[in-house]
Structures are given as C-alpha cells and as structure tokens.
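Note on naming: letters A, B, ... go to the chains in the order of the sequence lines (proteins, then strands), and numbering restarts at 1 for each one.
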Amino acid sequence: MSEWQRTHTCGDLRPTHIGSPVTLNGWVLAIRGYPKQVFVDFKDRYGVTQVVFEADDAEVFAAAQALGREFCLSVTGEVRARIPGKERADIATGAVELVARSLTVLNACPTLPFEINEFGSELANEDIRLQYRYLDLRRKSLQNVIVLRHRLCKTIRDFLDARGFLEIETPLLGKSTPEGARDYLVPSRVHHGEFYALPQSPQLYKQLLMISGYDKYFQIARCLRDEDLRADRQPEFTQLDVEMSFVEREDILTLMEQLSAEILHTVHGLKVATPFPRLAYADAMVRYGSDKPDLRFGMEITDLTDLAAASEFPIIKSALADGGVVRALVVKGGAAKYSNSQLKPGGELPKVAETFKAKILLNAKATADATPDLLVKYFGDATHGPVRERLGVETGDLVLLIADKESIVADALGALRNHLGAALKLYRNWWDEKAEYDATEEAAAKKERRPAKAFEMKPEHFNFLWVVDFPMFMYDEDEKRHVAIHHPFTSPMDEDFARMESHPGECKAKAYDLVLNGSEVGGGSIRNHRQDVQSTVFKMLGMEADDAKARFGFLLDALQSGAPPHGGIALGLDRWCMILAGTTNIRDVIAFPKNKQARDLMSGAPAAVEPRQLKDLGIKLS
RNA sequence: GGGGAUGUAGCUCAAUUGGUUAGAGCGCCGGACUGUCGAUCCGGAGGUUGCGGGUUCGAGUCCCGUCAUCCUCGCCA
C-alpha cells in the first residue's frame, strides 16, 4: 500500500477513533493560519474533517504554510479529541480533529476561476462553471444530485429486476427514420455517402425484442435529438425505456405507479398514494388548457361558448363566427390583485396570452362598484346572469376570457392558469418551501452550532396524473398531412381500427402520459402488433406503401412473424431527477451537460476535425 | 427561425441626465493574531467596460453591427 493511501474518508472519524493513526485523502476546503497552528478544513464527498498542523512539528508546519484551496492532499496523523468547548455539533466529525504528522501534496491547484463554495456568495455564471465542470462538480449540492441520480437508477434496476425484467442494450448506430425529431448523423467511413443515425429512442429495437420473445425488457437508454434546446432539454438525454408483451394499458400503468411509489419511497422516504388519477386528453385540454396539467391547484377553465352565442360584443362575435370558442378563468379574489395596467394590452397577463397567439385577453372585475359591468358588455343583459352563475363569480373575483380558435384558447388559458398559479402561490414547489425553510433554520443552526433540522417533504409535493385517451392523429397545416400525436407505432383503440381512414380525426390512441406536477415525466402506448393495422397507420401518415417498406420494412416483416401484443412506456429520467432534486435546470442533473447551444464548454465539442479525417469519410465541406 | 434579458477586476455586482483618475464585497498576494470554525484585523496588486464601427468637446452609459450566455415561442413523432 502506498504511504499516501487513505485509511478513512473525511466523513468517518468519531470519538472512537481517538488515539488511532489514520491517513485521509481529500481536498482543501479552507485554511485558517495562526502563529502556532494551521487549521485546514479537509473534504471529500463523504464529509469534512478538521486537520491541525502544529508549530512544534516544524517540517509539517512549514509545509502547511504553502497550501492553497482545492489542493489534493494526503495527511497522516493521529486522531484526537478537540479541546473541551471547541467541539462542533453541526458536523459529523466535529468532536475530533486530525493532528498532522506528515503531509503529501498529491496535487496543487491554481487560483480558482470561480468560488466553488456555495456558502453565502452567489454562484458564478453558469458558462464559467460549465467550462470548469470538474471543479463545479466538487460542490456539495451538485454531488448530492449525482448521488440522487445514482440512487434513482439503482432503485429502477432493482425494482424491475425483481419483477423479471431484463436490461438489454440496443444499438447506438442505427438507421435514420426522418419522422419526428431530427437525427444526429454519423458518416460511415467504409461506405462513403452513407450514414448511421444515433437513436432518438430505442423504440423499434424494443418492439423487435418483444417479437423475439423477451417479454419484459427495460433499458436506461441514452437518446439523442438534434433539436433546439430549452432549460429542460439536452441534445442527449436519458430515458427509462420499458416494454412488455401480452399486456394491456392497465398493466403498464399499474407497474409504473408501483415504480413511481418505490422511487419516492427510496429517494425521499415518502409514501405516495396509488393508483394515480386519470384524465382524458380532451378533458385536460378543456378544463386545464394543457395535456400535462398541474393539479396541485384548481382554477379550472370554464367553457362559455354556448352562452356566448347571442353576444353582440365584436371580439366574441367574430371568434364564434370563425368557429372559435369562448372560455374563462376565474381568479378568486383577483380583482384587487391585478391592476388595470397589468390587465390592459401589453400588461402582465395579456402578454402571457399573446405569447400563445391569443389576439386579446378580456377581463372583468367583479367589484361592488364595477362600472361598467364588463360581463354585461360581453354577454348582454339576458345572458350575463347565467355566465356569472356558471363561473361561480363572487364579489372580488377577476374573470379572464379569451375568444379565439379552440387550440389558441386552450393554450393561452392553460398558460395563464400556470402563470397565475405560480404568481399567486396557489401551489408551492417543494424546493421553494425548502429554500425558505433553510434560510431561517440553517442560519439559526449555524449560530447555535447545532445540526440543522432537515426540511420535511410531504407526499403532497408530488402530484401524479395519467393523461389518457389521446387522439390518434393531428392534422399538420404546414405539412398538409396527418401526424401521429404519440408516435406512428401506437395502436388505435380497438373500436377505431375500422374507421381510421374514414374518420381519422375522431380516432383515439392507446397512448398515455405520466404527469408529475405539471411536467410530462413519461409517455407510452400499446403498439400495433398487427401488420395490417400498422400499415394503415403509415398510410394515414402519408407514407406510400413502398416508402413505408423502405423505411420500416424490417418492422412490417417482423410484425408478420408471430408478433405478440405489446406495449410500454418511457420515463424521462433527467426530468424525474430534476423534480426529485428540486431544480428547473436540466444541466444540474447531468454530470457533463451541453449548454443551450448544444456546446460542451469544457471540451469545446463540437469542433472542426482534421482534413484527413474528412477525406477518410469522403466528406467535402461546402 | 422569432421575441426578450444580460455582458464592467479571477468571481458577484455598483457607477445619477453622456462629464475628473471606473468603485465595493469576495478571492488572490503580503503582514498581524496563542484553538480557529468555509475565521478576524491591517496593507497591496489587479480593468483596452465582450468585440468592431459611429455620434459627440467628451461614451461603461447613446446609435449600428457582431459575438457570447441565459430565458421564451416555434420545434422536440
């Protein structure tokens, strides 16, 4: 054993170790120099131990003078009790300290480009932290997330393994199937002019595994999509991919409910109630303006189209004449919370509606002295009463209305509902509550030198919902054809098999989404295991028979070779991690993420390559 | 691809209507301090205000362009 190899971690030492010789390896967190001692807070991912270098040992004392923050060290010495009254209850090793007898600097560290500690000072800009990701990852809170992610994956693997699932790897180099997202392409050196595609998901392979008889499959799979990024989107992301044979929708939903409950229990010690509520897509869109509604708060949307039929108000009249709808949100007690300037065009709320293409956001305050009464103006003398009744308007409420195309009304009111829910604190993210709690509790604990009492999460912080009964197709105005709402391998409902071609807009799919706190955290479907049904779906998506054969011939052939009924789901692991870890930034849950421009700021990827490499590939840049 | 925000010291941020030599905290360097607690006290170094152009007697500040980063809509079967 090398002399520098550790006997314990920086989180291990306790009073029982007093008198023992130990060696610790780790990094310098902080140095406090005195004439007679140097104190070093010594850390690794397990904890922090105070190391003392004493002046009577001239050699180590001199060496300690030269230390800097984030140096990597090996320290050998003796564990001793801290002098009475100097113990610290707030750190695990606080009763003892290590007296250094020898010091090995394993590696020095230059002046830090940013503050690694997240203590007091604000975090540096993300781009500089991404550039030095290896330093940023030394931050305790990032380490916690990385550990949580491991715990999540381990829980999933154990859960599925215990139920007979096999984890099977599928290829990274596959065939481009230009339906849906853009593929990342990989040029073939052996076959000039030909390309592999990196998988957007293992969808086809897992279906083929079902056909091969591996009836319970899962994979924690990397998926790649060459699309523009968002705060919650990376070019490569991870899915828990699951597929089962001889199952129906309920089997998948039940399994995922059990898995979700198991995850919450293992990761956060919470017991969430199952089964999860279910909501039909159509209801979700009308009542919440979203296919992934956040049900931690109410504020449902109310349809007023029928009552608006006689309206003479120009905006409503023209919207209805164009086949549109009129729907409203009631903000309880909102009349006093939103000023007229926040409500007029360009104000806070209309801006939200405008983002989602709504031409105008109508409002009406229900106050005792409201003159003119805008609901009368919008709906007329005869109808404003029934409108008021249906909305349940009370004095002090604010009514927000949009009259427009149905999809616009749903999107805009759905966005407004989310905006209002956040602005009026109708729901709280657990991490926001925790931040408030920590700000007071940790400060108090620090002052009193006691361990901070941990914030307690509740099962109610995690609101699960299934959205089911999605439509099969959606007409794409730009492409002038139907596109699959889920994906083209999804099975229509049994009763819709026969009318896919005659009434595509009315067909529903055996698809389902798992929603957690207003985030889509999973999506799946029962697949087409009959070749004729699959062929019809392709046809409906505008694929000619030979086109379908060229792209998916292997699947169509396989479906005729004893394909069992099958279905599955994919959970967005990164998003799960975000919600469990309490962040809205996907980069916080990935060890080495890309930035918004899909660049790795640390390595510099993507980057130009040697002309020789291009020549090998037969590629000329224009 | 559209909209928005930001860019000033190693880091986080100031700098009045366009007006002296661009400041502070943290970090860094040096010193002090007999047990500290991600210290404290004293001193010091550190800037082509992202880059390029323009307006002006004078630009961190105004204008044009450009680059970078983030947020957002489109997009993401």
Side-chain angles (χ1 to χ4, degrees), chain A residues 27-43 48-56 68-70 82-91 93-94 97 99 110-132 135 140 177-183 200-201 203-204 223-235 237 351-352 354-357 411-412 415 446 449 470 472-474 476 478-479 481-490 509 511 520 523 525 537-538 541 543 570 572 584-585 587 595-597 599 601:
Chain A
W27 291 265
V28 175
L29 173 60
I31 305 168
R32 295 176 292 277
Y34 264 79
K36 294 280 178 75
Q37 300 92 8
V38 172
F39 297 97
V40 169
D41 285 342
F42 200 44
K43 61 158 181 175
V48 180
T49 301
Q50 172 161 284
V51 178
V52 190
F53 299 84
E54 305 226 301
D56 53 14
R69 292 200 300 172
E70 299 300 329
R82 292 201 183 191
I83 63 174
K86 298 293 183 184
E87 303 88 352
R88 285 189 60 171
D90 58 330
I91 58 174
T93 63
E97 62 191 10
V99 192
T111 299
L112 297 169
F114 61 93
E115 291 298 299
I116 290 178
N117 66 60
E118 46 205 332
F119 221 69
S121 62
E122 286 185 31
L123 288 180
N125 275 331
E126 197 179 17
D127 50 348
I128 191 146
R129 288 188 286 117
L130 286 176
Q131 194 184 333
Y132 297 92
L135 292 178
K140 192 68 202 164
T177 55
E179 171 88 7
R182 267 186 286 267
D183 289 320
Q200 298 178 24
S201 88
Q203 180 63 33
L204 289 173
C223 305
L224 299 105
R225 293 178 191 174
D226 190 3
E227 293 290 345
D228 287 352
L229 272 35
R230 285 284 177 78
D232 62 351
R233 229 187 274 162
Q234 282 274 299
F237 59 99
K351 239 178 180 166
V352 175
E354 282 160 25
T355 306
F356 291 86
K357 307 242 165 42
D411 285 355
K446 192 171 156 55
R449 292 266 171 95
F470 281 81
M472 186 73 193
F473 303 108
M474 190 181 67
D476 187 316
D478 296 335
E479 294 194 36
R481 68 178 182 99
H482 285 97
V483 295
I485 292 251
H486 185 55
H487 60 51
F489 316 107
T490 300
E520 183 195 326
S525 63
V537 173
F538 283 153
L541 297 175
M543 247 183 270
T584 52
N585 181 348
R587 296 177 291 274
N595 74 0
K596 177 75 193 312
Q597 321 302 326
R599 220 172 247 296
L601 293 177

Problem set entry | Closest-nucleotide 5' rank along RNA chain B - winner of A:V52 and A:P488 | A:V52
Exercise. Which sits closer to the 5' end of RNA chain B, A:L601 or A:Q50, going by the nucleotide each is nearest to?
Worked result: A:Q50
Pairs: protein N or O with nucleotides 11-15 of chain B N or O, under 3.5 Å:
residue : atom : partner : partner atom : Å
B:U12   : OP1  : A:N125  : N            : 2.6
B:U12   : OP1  : A:N125  : ND2          : 3.1

Exercise. Looking across every strand, which nucleic acid part, if any, lies under 4.0 Å from A:R129 by heavy atom: base, sugar-phosphate, or nothing?
Worked result: nothing
Exercise. Across the strands shown, which category fits A:Q234 at heavy-atom distances under 4.0 angstrom: base, sugar-phosphate, nothing?
Worked result: nothing
Exercise. Do A:R32 and B:C33 have a side chain to base donor-acceptor pair shorter than 3.5 Å?
Worked result: no
Exercise. What about A:K596: does its side chain form a donor-acceptor pair under 3.5 Å with the base of B:U72?
Worked result: yes
Exercise. Watson-Crick or G-U wobble partner for B:U6, using a 3.5 Å limit on both distances?
Worked result: B:A68
For this session: Please determine, for B:A59, whether a Watson-Crick or G-U wobble partner exists with both distances under 3.5 Å, and give it or none.
Result: none
For nucleotides 40-48 of chain B, tabulate all protein N/O to nucleotide N/O atom pairs closer than 3.5 Å, reporting atom names and distance.
none

Exercise. Atom CD1 of A:I116 to atom P of B:G27: distance rounded to whole Å?
Worked result: 14 Å
For nucleotides 74-76 of chain B, print each protein N/O atom paired with a nucleotide N/O atom at under 3.5 Å, atom names and distance only.
residue : atom : partner : partner atom : Å
B:G74   : N7   : A:R230  : NH2          : 2.8
B:G74   : N1   : A:D228  : OD2          : 3.0
B:G74   : N2   : A:D228  : OD2          : 3.3
B:C75   : O2'  : A:E227  : OE1          : 2.9
B:C75   : O2   : A:R233  : NH1          : 3.4
B:C75   : N3   : A:R233  : NH1          : 3.0
B:C75   : N3   : A:R233  : NH2          : 3.1
B:C75   : N4   : A:R230  : NH1          : 3.3
B:C75   : N4   : A:R230  : NH2          : 3.1
B:C75   : N4   : A:R233  : NH2          : 2.8
B:C76   : O2   : A:R233  : NE           : 3.0
B:C76   : O2   : A:R233  : NH2          : 3.4
B:C76   : N3   : A:R233  : NH2          : 3.3

